[in-house]
Protein chains: 2
Amino acid sequence: MKSNKILSVREQIADVLRSDIISGELEPNTKLNEQQLAERFGTSRGPIRDVLIKLTKEGLLVSKDNVGSSVSSPLTPELQKLSIDIRRKIEEHAVKQLENNISEADLARMDGIIDRMQEHFDKEEFTDLTKTDIEFHKYFVGLAGGEDLTNLWYPVVLRMRMNYQRIRNSQTLVDEHRHIVDALRKNDLKLAISSIRKNIK
Amino acid sequence: MKSNKILSVREQIADVLRSDIISGELEPNTKLNEQQLAERFGTSRGPIRDVLIKLTKEGLLVSKDNVGSSVSSPLTPELQKLSIDIRRKIEEHAVKQLENNISEADLARMDGIIDRMQEHFDKEEFTDLTKTDIEFHKYFVGLAGGEDLTNLWYPVVLRMRMNYQRIRNSQTLVDEHRHIVDALRKNDLKLAISSIRKNIK
DNA sequence: TAATTGTACATTGTTAACAATTAATTGCAA
DNA sequence: TTGCAATTAATTGTTAACAATGTACAATTA
């Protein structure tokens, strides 16, 4: 059964802006004008402001009182490294929680997400590929640790994915995800962790 | 020169609510009513909503569309442990950045914060003690990694500080902070890191 | 000319009314 | 009484007008 989740207006707007930022369509330091965004999405400024606050807390935007919000600059190499460390820690934790504790339905679901990744890669839809990549990891992180773990994880990933170039170079990316699911399916914890470590860099 | 920072209305409201939640005055699962909060702080619902979104992203509140916001439940022991690991990683990173790279003015500033901690401890003002504790760590994290590192760090700390009982047991807490500053002053990285590790648990 | 003050404009911050949604209550039937 | 449906009340979501703030530029002064 397909879920077709209903999304609130604000969540849809947030999704679009997240894509725009992660894809680089909105470059760092771009100023976001509330009125313009309201017109673009056909709402008033209220919901737009809500979204801007959310994205600011996710690290994608920087806000200054009475001045406005603009797209964040990429992390320094040091902070990028630290973020990778933290992300690994979180996802390794997730994998441990899932050992001997994951259903075939969930594994199938993850297979499905990887299939979509493959499609996007084949069609060279790199922004969608990135989004699906994030969706994959978000899925099993949420499975392992629920909303609390997801909230811990999400900002770290979003921030380090800004201006991320790795993807367009490699089919390897998709394969890496197959390896992760394979390892989970075999309940091979060591293999799962090493697969995660390889994938996150 | 003393800074006397001007805080926006929204930041002041956020500070009060954070205190209420971390102190336990607002218990987990308490529902927050926007209208009531607006009356309490003498504003309209607009700024209140902004704050609720912020605190939700910080992990202190849980929000449900069309239903409202309520205080989060404490983390599970597993997630508490993970949060401690992450927090250590971040603060150890901060200490490394500060080695041979911190001014006497900053060290003095940190001494001052610890003095305030001591006062709060002596007067048994435990909520203020917690706030000052967080202020101390926030100060040197911000010093080391700026806004980006602070944003990474802050939600982790806030979330793990909910229902945190350690403080009221020990003068040790204040001393631990002295040790951290001493180590930084001597540029003794190993000692600084071990001091941090002892303090975060 | 350089620095500073003043003014006009653009943008964000706040408010209060209204719409949409959810939760609670009432009334009715079995 | 219990279960369900319809209605009412309470709460959140959205909007548009207004207030406050910051920015850019022109005018003024030294």
Side-chain angles (χ1 to χ4, degrees), chain A residues 3-18 20-21 25-73 147 151, chain B residues 3-18 20-21 25-73 146-147 150-151:
Chain A
S3 65
N4 284 71
K5 198 171 176 185
I6 299 291
L7 293 177
S8 70
V9 174
R10 283 163 334 179
E11 201 48 53
Q12 292 177 61
I13 295 173
D15 283 343
V16 171
L17 290 180
R18 274 193 210 99
D20 288 352
I21 294 170
E25 196 167 326
L26 284 172
E27 291 181 15
N29 300 320
T30 306
K31 173 92 190 292
L32 298 186
N33 181 300
E34 296 182 356
Q35 186 59 44
Q36 287 172 13
L37 290 174
E39 285 162 14
R40 171 178 172 191
F41 291 108
T43 71
S44 63
R45 281 172 54 222
I48 298 294
R49 286 173 62 84
D50 292 353
V51 169
L52 294 182
I53 294 172
K54 272 190 198 165
L55 298 184
T56 299
K57 281 286 175 184
E58 287 171 6
L60 297 180
L61 300 178
V62 182
S63 296
K64 220 177 137 189
D65 285 349
N66 293 310
V67 175
S69 308
S70 51
V71 179
S72 294
S73 304
E147 202 177 339
N151 286 339
Chain B
S3 65
N4 284 73
K5 199 173 174 183
I6 299 290
L7 293 178
S8 70
V9 174
R10 279 149 28 201
E11 201 48 52
Q12 292 177 62
I13 295 173
D15 282 344
V16 172
L17 289 181
R18 274 192 211 102
D20 289 352
I21 294 170
E25 197 167 325
L26 284 172
E27 291 181 14
N29 300 320
T30 306
K31 174 90 191 295
L32 298 186
N33 181 300
E34 295 182 356
Q35 185 59 44
Q36 288 173 12
L37 289 174
E39 287 163 12
R40 171 177 172 194
F41 292 108
T43 71
S44 64
R45 281 172 52 222
I48 299 294
R49 287 174 60 86
D50 291 354
V51 169
L52 294 182
I53 293 172
K54 272 190 197 167
L55 297 185
T56 298
K57 281 287 174 184
E58 288 172 5
L60 298 180
L61 300 178
V62 182
S63 297
K64 219 178 137 189
D65 283 350
N66 292 310
V67 175
S69 307
S70 51
V71 179
S72 294
S73 304
E147 205 178 337
T150 303
N151 286 338

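A note on names: the letters A, B, ... follow the listed sequences, proteins ahead of strands, and every chain is numbered from 1.
- Under 4.0 angstrom from either OP1 or OP2 of D:dT12 there lies no side-chain N or O belonging to B:R45.
- Relative to the side chain of A:N33, the nucleotides C:dA23, C:dT11, D:dT14 differ in distance, and C:dT11 lies closest.
- Side-chain proximity of B:D65 to D:dA17, C:dT11, D:dG13: nearest is D:dG13.
- Listed pair B:K31 / D:dT12 meets the phosphate criterion, a side-chain N or O lying under 4.0 Å from OP1 or OP2.
- Side-chain nitrogen and oxygen atoms of B:R10 include at least one within less than 4.0 Å of the OP1 or OP2 phosphate oxygen of C:dG13.
- As rounded to whole Å, 11 Å separates atom P of D:dG22 from atom CD1 of B:I6.
- Put simply, CG on A:L32 is 13 Å from P on C:dT11, counting in whole angstrom units.
- Qualifying side chain to side chain donor-acceptor pair (under 3.5 Å) partners for A:T30, counting only residues two or more places apart in sequence or in other chains: none.
- Of the candidate nucleotides D:dT15, C:dT15, C:dA23, D:dT15 has the atom nearest to the side chain of A:S44.
- In this structure, B:F41 places its CZ atom 18 Å from C1' of C:dT15, rounding to the nearest Å.
- A:G68 comes within 4.0 angstrom of the backbone, heavy atoms only, and of no base.
- Minimum heavy-atom separation, A:L37 to A:L17: CD2-CD2, 4.2 Å.
- More than 12 heavy atoms of other residues, nucleotides or ligands shown are found within 6.0 angstrom of CD on B:E39.
- A straight line from CD of A:Q35 to P of C:dA10 spans 13 Å, rounded to a whole angstrom.
- By the neighbour-count criterion of 12 heavy atoms within 6.0 Å, atom CD of B:E11 is densely surrounded, having more than that number from other residues, nucleotides or ligands.
- Counting all heavy atoms, side chain and backbone alike, A:G59 lies closest to A:S72 at O-OG, 2.9 Å.
- Rounded to whole angstrom, the span from the CD1 atom of B:I48 across to the C1' atom of D:dT12 amounts to 14 Å.
- The distance between atom CD of B:E11 and atom C1' of C:dG13, rounded to the nearest whole Å, is 15 Å.
- Using Watson-Crick or G-U wobble geometry with both donor-acceptor distances under 3.5 Å, C:dT5 finds its partner in D:dA26.
- Taking only side-chain atoms of B:T43, from C-beta outward, the nucleotide of D:dT14, D:dG22, C:dT15 with the closest atom is C:dT15.
- Closest to the side chain of A:E34, out of C:dG13, D:dT12, D:dG13, is C:dG13.
- Rounded to whole Å, the distance from CD on B:Q12 to C1' on C:dG13 is 14 Å.
- Residue A:D50 contributes atom CG, which lies 14 Å from atom P of D:dT12 at whole-angstrom precision.
- Nearer to the 5' terminus of DNA chain D, by closest-nucleotide assignment, is the contact made by B:N66 (compared with the other of A:N66 and B:N66).
- Which of D:dT12, C:dT22, C:dT14 sits closest to the side chain of B:R49 comes down to D:dT12.
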